[in-house]
Every structure is written in C-alpha cells, then in structure tokens.
Amino acid sequence: MKIVLIGIQGAGKSTQGNLLSEKLGIPYLSTGHIFREIAKEKTRLGRDVKEIMNAGYLIPDKKTARIVEEYLKRPEYKNGYIIDGFPRTIAQVEFFKNGADKVIYLEVSDKEALWRLSYRNGENGEIREDETLAAIRKRIESFHKFTEPVLDYYRKKGDLIEIDGERTIEEIHREIMKHLGE
Ligand code: AMP
C-alpha cells in the first residue's frame, strides 16, 4: 500500500507514520528528513538546500520530485511506503500520478501546531536550525497556499482520509487504522 501523510509541521505526521509503519510493516520515509541529510553535505546542492530550508521555503518542485523518485526506486519501497512530506504542491502531485493509494490528512489548527513546536523545542532543549519561529510561520503559510490545493485534489479523487489531529496519539492511530480497513 502506498500511503501519503499530509499536515502542517507539528501535526504529528512522523509519530503516526512510524506507528503505522510498525503496525503495517511498510517502510516510512520523510522528505524533510531526506532534505536535512542533504543539507549536511558540503556540496552545492547541500548548501542550496540548507539555505532554503532554514528560511522555511520549499525546495523547487523539479529538484524535489527527482530526489523523491530516486529514493522510491530503492528495493525496500517496491511493495509500498508511507511517505511524509510529499507531495506538497500541485506540480508535485503531477509528478506523482500513481504514487498514492490513500492520503491521510492530519488536521490541526495553526495555533495548536505553533504551541506544540515551541513546546517540542523547549522539551529536548535543542532547537533545530530550521525550526525558528519565522521559518515555522513561513512553512504554515506555504501549507495554506500550496498544499491545500493538494488536499482538494485528493478529496475530489476520493482518496483523502481526513483525521482530527488534536486528540491523543492512540486515538488518532486507531482512527487511521479503521479508515484503512485494518
Ligand atoms: P518537513 O520536515 O516536512 O517540515 O520539511 C522540512 C523542509 O524540507 C521544508 O520546509 C522544505 O524546505 C523541505 N521539504 C520537505 N518536503 C518538501 C517537498 N515535498 N517539497 C519542497 N520542499 C520540501
């Protein structure tokens, strides 16, 4: 099964993605994680990606699609995957025509996400370089502008599972499993 997870930063995508991965035995991957790894590289691409990420902007669609395509060619993703963070724009949806069987939207309000993110940073004491308040706000803004049309697309197609993300981790997980028929 090919599952896509969509939601603003702080919605709980990686928590739910990892839980699902464990339960369903399907590998989880996140484009945010992939780009954070690339940003560590001392290459032109690494430097460009780091600069864009730290400002809270999206990596250009073609570059993103090429990188995701390369990853998904790996044998471990042959029988399916749970992908967090892609597609995030309509152009990326175009590149991903047969890429999603089900799309899960974890819905939380901007206010809740901001609160969770400031708490998350305060909790473990380390602030991720791309998680400044300005970058987080920019990312939320990008979500409404570029990713909401993606939700509309999958909603019309009948592939969108909409989940209230402002509940406990277990409740959310159970509801997702129910929708997936598991
Ligand atoms: P995330 O951890 O999903 O919030 O991603 C962190 C950052 O990686 C984003 O702010 C973007 O700069 C970049 N990124 C992740 N996924 C994508 C994508 N599908 N398209 C463009 N940029 C992305």
Side-chain angles (χ1 to χ4, degrees), residues 2-21 27-41 43-73 77 81-100 103-110 112-121 123-124 126-154 159-160 163 165:
K2 300 170 191 163
I3 300 174
V4 166
L5 283 170
I6 298 184
I8 52 179
Q9 200 182 6
K13 288 170 293 167
S14 79
T15 303
Q16 293 299 332
N18 281 297
L19 266 176
L20 273 182
S21 171
Y28 164 85
L29 79 161
S30 121
T31 51
H33 177 77
I34 293 171
F35 284 127
R36 274 188 290 281
E37 289 301 307
I38 294 174
K40 288 183 196 160
E41 294 169 8
T43 57
R44 172 83 199 272
L45 177 68
R47 279 194 299 274
D48 288 351
V49 164
K50 186 173 173 184
E51 195 176 315
I52 296 171
M53 280 182 86
N54 288 354
Y57 289 107
L58 293 176
I59 312 297
D61 287 325
K62 271 204 188 123
K63 201 171 271 178
T64 301
R66 211 179 53 233
I67 290 167
V68 171
E69 205 176 28
E70 274 305 305
Y71 258 82
L72 294 181
K73 271 192 204 146
Y77 303 122
Y81 44 78
I82 299 165
I83 187 164
D84 159 359
F86 183 92
R88 256 180 160 89
T89 67
I90 284 293
Q92 292 179 13
V93 169
E94 298 290 329
F95 285 113
F96 209 48
K97 273 282 167 335
N98 300 311
V103 177
I104 298 165
Y105 172 37
L106 284 177
E107 191 174 5
V108 303
S109 67
D110 296 358
E112 169 74 13
L114 276 166
W115 189 86
R116 286 185 190 178
L117 290 166
S118 42
Y119 180 73
R120 175 156 100 188
N121 279 338
E123 265 292 273
N124 56 23
E126 56 180 71
I127 294 176
R128 237 172 55 190
E129 215 179 330
D130 66 325
E131 278 194 358
T132 59
L133 191 60
I136 293 167
R137 283 193 196 281
K138 192 92 231 147
R139 240 170 249 138
I140 290 179
E141 205 183 293
S142 294
F143 183 89
H144 294 305
K145 195 164 159 193
F146 300 113
T147 312
E148 265 169 20
V150 172
L151 294 174
D152 289 339
Y153 171 87
Y154 287 119
D159 291 342
L160 191 69
I163 305 278

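Counting convention: from 1, in listed order, for ligands and their atoms alike. Numbers here are sequence positions counted from 1.
- Near Tyr57, the atoms of ligand 1 lying under 4.0 angstrom from a non-hydrogen atom of the residue are 10 (O), 11 (C), 12 (O).
- Ring pair Phe96/Phe86: centre-to-centre distance below 6.0 Å.
- Distances from atom 9 (C) of ligand 1 to the heavy atoms of Gln92, Lys138, Arg88 show the closest one on Arg88.
- The shortest N or O to N or O distance between Leu58 and ligand 1 is not under 3.5 Å.
- In this structure, Glu94 pairs ionically with Lys97, as a charged nitrogen and a carboxylate oxygen lie closer than 4.0 Å.
- Not one N or O on the side chain of Arg88 forms a donor-acceptor pair closer than 3.5 Å with the backbone of Thr147.
- For His33, the closest heavy-atom approach to ligand 1 does not fall below 4.0 Å.
- For ligand 1 and Arg36, the ligand atoms under 4.0 Å from any heavy atom of the residue are 2 (O), 6 (C).
- With Ile83 as the fixed residue, the side-chain contact (heavy atoms from CB on, under 4.5 Å) test singles out one of Val68, Val103, Leu5: Val68.
- In this view, Leu133 and Leu114, Arg137 satisfy the side chain to side chain contact (heavy atoms under 4.5 Å, CB included) rule, not counting sequence neighbours.
- An N or O contact shorter than 3.5 Å is missing between Asp84 and ligand 1 by distance.
- Checked by distance only, ligand 1 and Gln9 stay at 3.5 Å or farther apart across all their nitrogen or oxygen atoms.
- Close approach of ligand 1 to Gly85 (heavy-atom distance below 4.0 Å) involves ligand atoms 16 (N), 17 (C), 18 (C), 19 (N).
- At least one heavy atom of Thr64 sits closer than 4.0 Å to an atom of ligand 1.
- With no hydrogens or angles considered, a side-chain donor-acceptor pair links His144 and Asp110 at under 3.5 Å.
- Screening residues 56-67 for salt bridge (charged side-chain N to carboxylate O under 4.0 Å, His left out) gives no qualifying pairs among residues at least two apart or on separate chains.
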